[in-house]
Amino acid sequence: MSESLNPQPSLPDAAPEADAYVPPKWRTEPRFPDGPAPDPAGSHHERRIRSFQPRRSRVTTGQGEALKRLWGTWGLDIDGREVIDLNRLFDGLPVVLEIGFGMGEATAQMAAADPATGILAADVHTPGQGNLLALAERGGMTNVRVANGDAIILLREMLPPHSLAGMRVYFPDPWPKARHHKRRLIQPEFLDLAATRLAPGALLHCATDWEPYAEQMLEVLTAHPEFENTQADGGYAPRPEFRPLTRFEGQGLDKGHVVHDLLFTRTEPKA
């Protein structure tokens, strides 16, 4: 017998270091072995205040099949380990980064309406990732790529300087409680990073139906020296035709919410 007849009591495991990274269980259990990773950046990037709240919800059969079938071709994990060659990934198309696309309906509509522009759509919501892949396949839209993970790591570690033709941030989490305002994405520090990845003249387009957040967006964008408002009066912009009216937006409008669009261009970098 290989086991001892008188086994010694096992010693307790050493206590983990105080700063040891212990990923939550939902981040370490792969739901689709050949699909998006549960926590692509893992522990090799510093922890920080997240501007998003990961959601676990049911993946339908169609979404799951799309993830299994298409992730290897049209999906990528934001692991922060290498710089993406956007020209190769999108066959030379100018690329717009969309941060947070929900279930992907609006993204798919914009991709279909503008096949000459590549859309790199980043989110952490697995059902939405599968849904967008399914919509792209169904519509024959080969100008969409789905990125899984933290958009900050994508911008900071994986995109070349001045490589983006535009950026879209539609209806980000408003974090309405005052103590959570630091989690809002549109902050001066985020704009500093975004400015390094946007080409001169690129359009940064934000939209929100949360009035206090719209006011913050307008304030920080107006104050940033590397962005310029497209509106002569320095205010909000009408919803451009290329941004579809989403189901989420329609629900907000039905509740009396006012949607604000902000359109700012990246100015020429200072010498």
Quiz prompt | Same apolar cluster (I L V M F W Y, side chains within < 4.5 Å links), Met167/Phe264 | solution = yes

Tell me, do Ile152 and Leu193 make a side-chain contact under 4.5 Å, heavy atoms counted? yes

Requested in this report: Answer with yes or no whether the hydrophobic clustering places Met103 together with Leu135; edges join I, L, V, M, F, W, Y residues whose side-chain heavy atoms lie under 4.5 Å apart.
Outcome: no

### Task
Check step by step if side chain to side chain contact (heavy atoms under 4.5 Å, CB included) holds for Val144 and Leu132.
CA-CA 9 Å; Val144 176; Leu132 178 53; 4.1 Å; yes

One should read off an interatomic distance between Glu226 CD and Leu191 CG, to the nearest 0.5 angstrom, of 9.5 Å

Could you tell me if His224 and Asp192 have a donor-acceptor pair between their side chains, going purely by distance under 3.5 Å? yes

When rounded to the nearest 0.5 Å, the distance separating CG of Asp173 from CG of Leu185 is 10.0 Å

_If hydrophobic clusters are built from ILVMFWY residues whose side chains come within less than 4.5 Å, do Leu262 and Val96 share one?_
no

**Q.** Glu137/Arg69 ion pair, N-O < 4.0 Å
**A.** yes

| Check: Asp77 side chain, Pro40 main-chain N or O, donor-acceptor pair, under 3.5 Å | no

ask   = So, Ser163 side chain and Leu159 main chain: donor-acceptor pair closer than 3.5 Å or not?
value = no

Quiz item: Are the side chain of Tyr213 and the backbone of His181 linked by a donor-acceptor contact shorter than 3.5 Å?
Solution: no

Check the pair Thr230 / Leu203 against side chain to side chain contact (heavy atoms under 4.5 Å, CB included), numbers first and verdict last. CA-CA 9 Å; Thr230 62; Leu203 187 69; 4.1 Å; yes

- prompt: Quick one: are Met158 and Arg81 in side-chain contact, heavy atoms under 4.5 Å?
  reply: no

Heavy-atom neighbours of Glu228 CD exceed 12 at 6.0 Å: no

The reported gap from CG in Asp91 to CG in Asn143 (rounded to nearest 0.5 angstrom) is 10.5 Å

Q. Are Arg183 and Trp175 in a cation-pi setup, meaning NZ or CZ lies under 6.0 angstrom from the ring centre and within 45 degrees of the ring axis?
A. yes

Leu253 and Val259: CA distance, side-chain angles, deciding distance, side chain to side chain contact (heavy atoms under 4.5 Å, CB included) verdict = CA-CA 8 Å; Leu253 293 172; Val259 175; 3.9 Å; yes

Step-by-step side chain to side chain contact (heavy atoms under 4.5 Å, CB included) determination, Leu76 to Val146: CA-CA 6 Å; Leu76 64 96; Val146 178; over 6 Å; no

Is the distance between the ring centroids of Tyr170 and His205 less than 6.0 Å?
yes

Separation between CE (Met141) and CD (Gln109), nearest 0.5 Å, reads 9.0 Å

ask   = Any side-chain heavy atom of Thr222 sitting closer than 4.5 Å to one from Phe227?
value = no

Without swapping roles, check the side chain of His162 against the backbone of Leu198 for a donor-acceptor pair under 3.5 Å. yes

Exercise for review: May I ask you to check whether over 12 heavy atoms, not counting those of Trp74, lie within 6.0 Å of atom CH2?
Suggested key: yes

### Message
Please say yes or no: joined through hydrophobic side-chain contacts below 4.5 Å, possibly via intermediate residues, are Val83 and Ile153 part of one cluster?
### Response
no

Check your understanding: Are side-chain heavy atoms of Gln216 and Pro174 found at a separation under 4.5 Å?
Key -> no

d(Leu154 CG, Ile99 CD1) to nearest 0.5 Å is 7.5 Å

Okay, side chain of Asp85, backbone of Asn87: is any donor-acceptor separation there less than 3.5 Å?
-> yes

### Query
Is there a donor-acceptor contact under 3.5 Å from the side chain of Arg145 to the main chain of Thr142?
yes

Here the pair of heavy atoms bringing Arg184 nearest to Gln187 is O-CG, 3.0 Å

- Task: Please tell me if the side chains of Phe242 and Arg168 come closer than 4.5 Å, counting only heavy atoms from C-beta onward.
- Result: yes

Subject >> Gly62 backbone acceptor or donor facing Glu65 side chain under 3.5 Å >> reply: no

Salt-bridge test for Glu249 and Arg243: reply yes if a basic N is under 4.0 Å from a carboxylate O, no otherwise.
yes

For Asn148 and Trp71, the nearest pair of non-hydrogen atoms, with its separation, is CB-CH2, 3.5 Å

Practice problem: Determine whether the side chains of Gln251 and His257 contain a donor N or O and an acceptor N or O closer than 3.5 Å. | Solution: no

### Message
Quick check on Glu215: does its CD atom have over 12 non-hydrogen neighbours (other residues, nucleotides or ligands) under 6.0 Å away?
### Response
yes

request  = Answer yes or no: is there a donor N or O on one side and an acceptor on the other, between the side chain of Arg197 and the main chain of Leu155, under 3.5 Å?
outcome  = yes

Any side-chain to backbone donor/acceptor pair from Gln129 onto Asp123? Under 3.5 Å, distance only.
yes

In this structure, OH of Tyr236 is separated from CG of Leu263 (nearest 0.5 Å) by 13.0 Å

Within-4.5 Å side-chain heavy-atom neighbours: Leu86 and Leu93
no

Check: Under 3.5 Å, is there a donor-acceptor pair between the side chain of Asn131 and the main chain of Gln63?
Finding: no

Between Pro225 and Thr267 the two heavy atoms that sit nearest each other are O-OG1, 3.6 Å

Tightest non-hydrogen contact, residues Pro176 and Trp210, listed as CB-CZ2, 3.3 Å

With side chains defined as the heavy atoms from C-beta onward, is the minimum distance between Thr265 and Leu204 less than 4.5 Å?
no

Nearest heavy-atom contact between Pro127 and Arg58 is CG-O, 3.6 Å

**Prompt:** Does Phe190 reach the side chain of Val220, with side-chain heavy atoms less than 4.5 Å apart?
**Reply:** no

Nearest heavy-atom approach of Thr246 to Ala106 is CG2-CB, 3.5 Å

